[in-house]
Number of protein chains: 2
Amino acid sequence: MSNLTLEDIARQAGVSRSTVSRVLNDHPNVREEVRRRVLEVIRQTGYHPNAAARTLASQRSLMLGLVLPRSVSSFFSDPYFPRLTQGIAQACNHYNYTLALFLVGSAEDEAKIYPRISRRGLLDGVLLQSGQIGDQLMDRLLASNVPLVVIGRPFNPQGVSYVDVDNVNAAYNAVSHLVRLGYLRIGTIAGPDNSTVSIDRKEGYMRALLERGRKIDPSLIVEGDFTEIGGYYAMQALLPARPDAVFAASDAMAIGAMRAIREAGLRIPEDIAVVGFDDLPFAATATPPLTTVRQPIAPLGFKAVEILLDLIENGAQPPRRVIMDTELVVRDSCGALRRRGP
Amino acid sequence: MSNLTLEDIARQAGVSRSTVSRVLNDHPNVREEVRRRVLEVIRQTGYHPNAAARTLASQRSLMLGLVLPRSVSSFFSDPYFPRLTQGIAQACNHYNYTLALFLVGSAEDEAKIYPRISRRGLLDGVLLQSGQIGDQLMDRLLASNVPLVVIGRPFNPQGVSYVDVDNVNAAYNAVSHLVRLGYLRIGTIAGPDNSTVSIDRKEGYMRALLERGRKIDPSLIVEGDFTEIGGYYAMQALLPARPDAVFAASDAMAIGAMRAIREAGLRIPEDIAVVGFDDLPFAATATPPLTTVRQPIAPLGFKAVEILLDLIENGAQPPRRVIMDTELVVRDSCGALRRRGP
DNA sequence: AAATTGATTGGGAGCGCTTCCATAAAGTCC
DNA sequence: GGACTTTATGGAAGCGCTCCCAATCAATTT
């Protein structure tokens, strides 16, 4: 269709290339009549400026990268990531940026992807889902000087801009709620110990218990991997410890836990109460409906983009930090609607 | 870090720009010793070629676009899309392409996104999830002459390359299975009538019944929207027609239907058997485990990329078509394991 | 030994845009 | 009404790469 160039448009509109460029970029100082004439030619010819040429000349690609590291690339088994991606994509649309998606599936992928990310002239900035502790990717990106926003607090946050929710506090509130309802043996299905999310949520769990003078019983703490099936196995491992309530560090794990509880012939919440984390759509329609911590996943992604654009515009110093609020959504699975706390 | 250019590398290695370029692009006819010397300088300096300049000079961006149209942007509520995206991303990694993701969330988004997609010099090709019938996007893309592969048969497939599964046949097999099990009032929760997937699956449903001399009872056909909640409401609408089996056009809807059935105080599969479509991970862990049609979602995405690269390489004529196989996965929800067919 | 071939290398012309600078035209001021 | 701004436009120099073409030189052929 259009192998047209600025030059062609300029000729047809009887102006110079510069003027067409000004029109294209909404620069002031173009006579209204000229602007109209140029726009008309553009419309008629169906001209679209060449992105690569623009990027090369202006040194801005209007493109952001979203990197989902290997450790989380089981990924699309947890609806958290699609939601996040959606929020990010919305923000990109809104601010007229293009989103490049990098799913790191393997070490091999990582080797291939990294040069592409750090290649100059491709991305104006990078969003990185924080992964495992010890993941090299963040350090490499940081070193490459690309504007970078991390989603989820990195283990080593010096100089890094990131967005997150206050996981400690959120978990603290959820578990406190169980304590108030009078449960005595409250367990937790934590995430893998090598991520800050997991650590923070477990921390909140422990703090809620300790503050009420409860002891921490290690047999009531098991580790899952944020997936349904992981929660299922974790719950099976937890059952012998006879918990009367469980705080799962993700909704997916909570659903798995509920399946394990039912299969063991126990009732929710009468025998074991369950609280999750995320408030994904299926939490509300689970049987029974899941009490859970709502975190604003898509808004988190949206905000991350806004911060990234700020970094691109105004430099990365000082690092920006945004902590978003969570909310405990009380439904049936915690027994609050049936039981009275002390 | 690197505002280095080819020129700098050339100077440091004592060769010309051309030679460095040859090394970078694995051209033959570079003396082994020179190649090594150049690579060493590149390694030492941490040089990465500028993507925009490359694209501009070579007229290839090594970037593909994935467009998910508005009609499916409820999107991440159905795990189908994440899976598909994953398959596509894998293929992109494998073939060293970068993936740009375009989630069309609104009419406004579409207006903003379309120019970006058709802007020359950004994408070498486009993957489009087929959306509603009458969606303009495909026609516009087709008209813009970008290499294009559609995922899911488009309503008007002339000249279009696409990948799909044989939905008619897959549905036919699923419903035939229910017929063989002896169910007499087999209903279906179809997808919205404005997409080819829905039409094909409904077609397969009807064909399976008609071929066995059954009548089509319109009250046994209701429409969902491929979501869990849509399936839930559809099932509620279906209950008065007293079906003894239901074929849902997606697993998400099947899950919703099962919830509605349970809430009505009926048992699965004793009172109503359920069959889904997709075989998403949660199908296996549903209660009872869901009998469903497995379609190779990620491989479909992978294949779509391969076809697209073929189009880019060898031209779009003739259009390529790939239909992948499905498989009926028999679990508990259809009652096959308890009941004997005639 | 002259001619031909083939493998290497360098030079230079773009790719299609942005943006700085110079220039021209049109106001503005006392 | 001349000196000075302000506004609008064109020209040209890149942005950093690829790739064609010509040049060089060694190896091979006749």
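By convention in this document, chain letters (A, B, ...) are assigned in the order of the sequence lines, proteins followed by strands, and residues within each chain are numbered from 1. All figures in this text were calculated on a predicted structure; none of them were measured in a lab.
Of the listed nucleotides (D:dC17, D:dG16, D:dG10), D:dG16 has the atom at the smallest distance from the side chain of B:L56.
Bracketed by its first and final contacts, the part of DNA chain C lying under 4.0 Å from non-hydrogen atoms of chain A reaches from C:dG16 to C:dC20 in 5' to 3' order.
More than 12 heavy atoms of other residues, nucleotides or ligands sit less than 6.0 Å from atom CD of B:Q317.
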Going through the distances and angles, do B:F155 and B:N194 end up as a side chain to side chain contact (heavy atoms under 4.5 Å, CB included)?
CA-CA 9 Å; B:F155 184 61; B:N194 58 13; over 6 Å; no
Walk me through it: do B:I312 and B:L64 pass the test side chain to side chain contact (heavy atoms under 4.5 Å, CB included)?
CA-CA 10 Å; B:I312 292 169; B:L64 305 180; 3.8 Å; yes
Distance-only check: which donor-acceptor pairs under 3.5 Å involve side-chain atoms of residues 21-28 of chain B, not counting sequence neighbours?
unit_1, atom_1, unit_2, atom_2, d
B:S21, OG, B:N25, ND2, 3.4
B:N25, OD1, B:R54, NH2, 3.2
B:N25, ND2, B:S21, O, 2.8

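B:F81 has its side chain out of reach of A:P82: every pair of non-hydrogen atoms, C-beta onward, lies at least 4.5 Å apart.
Taking atom CZ of residue A:R60 and atom P of nucleotide D:dC15, one finds them 18 Å apart after rounding to whole Å. A straight line from NE2 of A:H27 to P of D:dG10 spans 15 Å, rounded to a whole angstrom. Nucleotide D:dG16 holds its P atom 15 Å from the CG atom of A:L122, rounded to whole Å. To the nearest angstrom, P of D:dG16 lies 19 Å from CZ of A:R54. For the pair B:N25 CG and D:dC20 C1', the computed distance is 15 Å after rounding to whole Å. Between the CD atom of B:Q59 and the C1' atom of D:dC20 there is a distance of 15 Å, rounded to whole Å.
A:S18 comes within contact range of at least one nucleobase, with a heavy-atom separation under 4.0 Å. If you check every strand for non-hydrogen atoms under 4.0 Å, A:S21 touches a base. Among the atoms of the strands shown, base atoms are found under 4.0 Å from some heavy atom of B:N29.
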Could you go through nucleotides 21-28 of chain D and list every protein N or O atom that sits under 3.5 Å from one of its N or O atoms, giving the distance for each pair?
none

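In this view, B:S58 satisfies the side-chain hydrogen bond (donor to acceptor under 3.5 Å, both in side chains) rule with no residue, not counting sequence neighbours. With sequence neighbours left out, A:Q90 forms a side-chain hydrogen bond (donor to acceptor under 3.5 Å, both in side chains) with no residue at all.
With B:S61 contributing its side chain and B:L122 its backbone, the two residues share a donor-acceptor pair below 3.5 Å. In terms of modelled atom types and a separation under 3.5 Å, the side chain of A:D164 and the main chain of A:R153 share a donor-acceptor contact.
Taking the nucleotide of DNA chain C with the nearest heavy atom to each of B:G14 and A:A57, the more 5' of the two is matched to B:G14.
For the pair B:R140 and B:Y114, the cation-pi criterion (under 6.0 Å, within 45° of the ring axis) is fulfilled.
Salt-bridge formation is not detected for the pair A:E40/A:R37: no Lys NZ or Arg NE/NH1/NH2 atom is positioned less than 4.0 Å from an Asp or Glu carboxylate oxygen.
The end-to-end axis angle of the helix from C:dA1-D:dT30 to C:dC30-D:dG1, rounded to 10 degrees and based on five pairs per end, is 30°.
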